[in-house]
Number of protein chains: 2
Amino acid sequence: MKSLLFVVAAFLLSACSGTALRGTGDLGIVIERASGSVAVVDSTSRSILGRIEGLGDLSHASAVYSRDGRYAYVFGRDGGLTKVDLLERRIARRIIQAGNSIGGAISQDGRLVAAQNYQPGGVKVFDADTLELLADIPAEFSETKQRSKVVGLADVPGNKFVFALFDAGEIWVADLSKSREPKVTKFRNIGKQPYDGLVTPDGRHYMAGLFGEDGIALVDLWKPEQGARKILAGYGKGTEKLPVFKMPHLRGWAVAGGRAYLPAIGKHEVLVVDTTTWQEVGRIPVKGQPVFVMARPDGRQIWVNFAFPDYSNVQVIDTLEQKVVQTLSPGKAVLHMEFTPRGEHVWISSRDDNRVSVYDTASFTKLAELPAQNPSGIFFTSRAARIGF
Amino acid sequence: MKSLLFVVAAFLLSACSGTALRGTGDLGIVIERASGSVAVVDSTSRSILGRIEGLGDLSHASAVYSRDGRYAYVFGRDGGLTKVDLLERRIARRIIQAGNSIGGAISQDGRLVAAQNYQPGGVKVFDADTLELLADIPAEFSETKQRSKVVGLADVPGNKFVFALFDAGEIWVADLSKSREPKVTKFRNIGKQPYDGLVTPDGRHYMAGLFGEDGIALVDLWKPEQGARKILAGYGKGTEKLPVFKMPHLRGWAVAGGRAYLPAIGKHEVLVVDTTTWQEVGRIPVKGQPVFVMARPDGRQIWVNFAFPDYSNVQVIDTLEQKVVQTLSPGKAVLHMEFTPRGEHVWISSRDDNRVSVYDTASFTKLAELPAQNPSGIFFTSRAARIGF
């Protein structure tokens, strides 16, 4: 009997210490797009802690975090919305909420998760705890009430979400102060085919990149009565445009040091905009068509990856010198980059080389390579604390 | 026997679930200055999870966080440096590292913790895991090698620390890339009696407030060869100065929307500086002598608390209107304020009313009051991800 007690005790103790206590501030996930799984990573040890399977079609996926940093909400291409527990490394809840979705956002107070959908076009809002559907905002426009694809969804202060309608050429702001009764403000005719959007880190300005014309639509959310305006209009005028194989992405990390660094569509250029005057103040030639243009947290560098065929390279712009100072080859098909919160390292996924590489951002030394299956997006928990992420 | 097994099993399971798994992203600590303890708080549930005792003299104390958000490093007035575990709610390590200390910082990569000391004047650098002393930088100046009190210590990218020497009128930058061999760059004659310092959120500019003259010393850390310069020189000229009972505090949260909001010494004013030109662009009259001037994370508001006798009030400045829009009375002797990471709430300590109040920053509604013994500083784990905190 004593030995049985001992065995039982040992078993129970090992079972409960199996998920050891740890902080969540240095965790993250890597999307493994071909296998519908995510790898849970630790940016202090630069290691993979485990994998979570069963997330469906992650051929395009993005994630946001709960305010405690424990859960990631992964939005999958197939309309899946999966709440994953980074500590227990398992799916906490999963629903299919649309036919075709490209991403989502979490509210300022962390209580609402919103998904942006292509099909059916619109935004759905869920309880962050239970994933219960609280509100449905169809992206209906014109008299025929057809529904537009929704892009560029981001949270802004006041428990609001801002997004753009690709087919309608509109920007909407949804106030979810009352979570089941969204109040929507619509900005119409803001430009042709907004393909993505970003909120500046202060949550004040929303910028929607336009695909159907050269230009960016801009809304000052602190002065909504002024409506939307166009900036960088005609930035590609007079030059030949290349075919676009891959749409760029816009997020708040494009803004640094009083400037926004934006991908030019169909050109090998990064556009530089003064975020006080909203005038173009420069263009930086780069190796290929930019997909992600991301500022290191201190804003001293901008890292750029590219569409095919230049998609195995990454370039680094020094913002003081306003030019490219480094070109790296992290591996074939660089799909995404993510900085550690204070910016000392950057993690870069190379889909076709099945690895994630970690670089020191000051010396450009490669510090580690982690094996991952067709990795795409990399998301650290520090996003939980940032407006617009 | 079966019932004994059951009892043992139940006991073991409850013992190991006693410290349940949870994220650390929404945790924080409140310094309880009279009892040498800290309360561990949860900003999602707005509750106190527990207390940790035995932190010595916390009559002036501040804290920084490990990059995983699990540990707080608390710097106490008596030179104590205590690493506290927020999950297990206990002291992980504690040392007495000086005679009189006022604060510290953590390096960009999270591996080094630095303490700024009055006595003996200087900075000491410790291993963040073990608290082993790695480097000692005496703040010696002049031919007599006397030692100055050190103030305004902050981390900057590159595993560097920047700080000011009150008695010497100097600013030093210590490069800790080699953690046992600090390389120090000294800026001399920067102004009279720097009393605190801040690093802008991008880690680029260091500003030291001056007590011995009206003005701020400024260093562009991206262009150190340009040396230090003086801004806002003579800002109090021609007006009567009031006796100063309490020194203001400077930290990176003073910077928002292209402006720095700084406490004027001995005056009932907040100075507004353009962070591109470094010219004064305004002054906002407030109720008393400001101690903390803190921007809400989105920069739309600046919250100000005051020195005695106005120390039971807090005022809120709207940055668009550039004037005070609200005056609150959270309780007697407001010592500190802290915003939740995305800014929807602010936590305010009232030392003499033994409570911490939580306000909604949009509506100014008081949401909760938490009992605390002579509370002073409030520090959320989201500081782990921010340069200069």
Side-chain angles (χ1 to χ4, degrees), chain A residues 1 4-5 8-9 12-13 15-17 19 21-27 42-44 65-71 85-88 108-110 155-159 201-204 222-223 256-258 275-276 296-300 320 340-345 362 381-382 384-387, chain B residues 1 4-5 8-9 12-13 15-17 19 21-27 42-44 65-71 85-88 108-110 155-159 201-204 222-223 256-258 275-276 296-300 320 340-345 362 381-382 384-387:
Chain A
M1 234 342 116
L4 176 59
L5 265 176
V8 169
L12 285 170
L13 280 170
C16 79
S17 65
T19 317
L21 280 187
R22 60 161 302 140
T24 48
D26 59 350
L27 294 180
D42 173 326
S43 69
T44 301
Y65 280 98
S66 59
R67 71 194 298 283
D68 63 359
R70 176 174 178 175
Y71 300 99
D85 182 331
L86 270 63
L87 290 177
E88 295 194 330
Q108 181 187 24
D109 67 1
D155 62 287
V156 287
N159 259 26
D202 57 7
R204 176 172 181 174
W222 291 5
K223 298 182 184 178
T275 53
T276 306
R296 193 174 70 173
D298 70 338
R300 180 63 188 264
L320 212 53
T340 47
R342 293 191 191 209
E344 69 280 8
H345 301 152
T381 55
S382 46
R386 294 181 69 176
I387 293 166
Chain B
M1 227 348 110
L4 176 58
L5 266 177
V8 168
L12 286 170
L13 280 171
C16 80
S17 66
T19 317
L21 279 188
R22 60 160 303 138
T24 48
D26 59 350
L27 294 180
D42 173 327
S43 70
T44 302
Y65 279 99
S66 59
R67 71 194 298 284
D68 63 358
R70 176 175 179 175
Y71 299 98
D85 182 331
L86 271 63
L87 290 177
E88 295 195 330
Q108 181 186 26
D109 68 0
D155 62 286
V156 286
N159 261 24
D202 57 8
R204 176 172 182 175
W222 291 5
K223 298 183 184 176
T275 53
T276 306
R296 194 173 72 172
D298 70 340
R300 180 65 190 262
L320 212 53
T340 48
R342 293 191 192 208
E344 70 279 10
H345 301 151
T381 56
S382 46
R386 296 182 65 177
I387 294 166

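In this text the structure is predicted, and so the values were computed from the model without any measurement. Numbers restart at 1 for each chain; the letters A, B, ... are given by sequence-line order, proteins then strands.
Heavy atoms closer than 4.5 Å to chain B are found in both the backbone and the side chain of A/R300. Both the backbone and the side chain of B/R67 come within contact range of chain A, with heavy atoms under 4.5 Å apart. Interface remark: A/S43 contributes backbone and side-chain atoms alike to the contact with chain B (heavy atom separation under 4.5 Å). Only the side chain of A/D155 has a heavy atom closer than 4.5 Å to any heavy atom of chain B.
Rounding to the nearest 0.5 Å gives a distance of 9.5 Å between CG of B/D68 and OG1 of A/T381. A distance of 5.0 Å separates CD in A/E344 from CD in B/Q108, rounded to the nearest 0.5 Å. We find the CG-NE2 distance between B/D109 and A/H345 to be 6.5 Å, quoted to the nearest 0.5 Å. Going from atom CZ of A/R22 over to atom OG1 of B/T24 covers 8.5 Å, rounded to the nearest 0.5 Å.
The candidate from A/A385, A/G69, A/G110 with the greatest count of non-hydrogen atom pairs under 4.5 Å with chain B is A/A385. Across B/G299, B/A384, B/S382, the residue that shares the most heavy-atom pairs under 4.5 angstrom with chain A is B/A384.
Considering every non-hydrogen atom in both B/R70 and A/L21, the closest pair reads NH1-O, 3.1 Å. Closest of all the heavy-atom pairs between A/W222 and B/D298 is CZ2-O, 3.5 Å.
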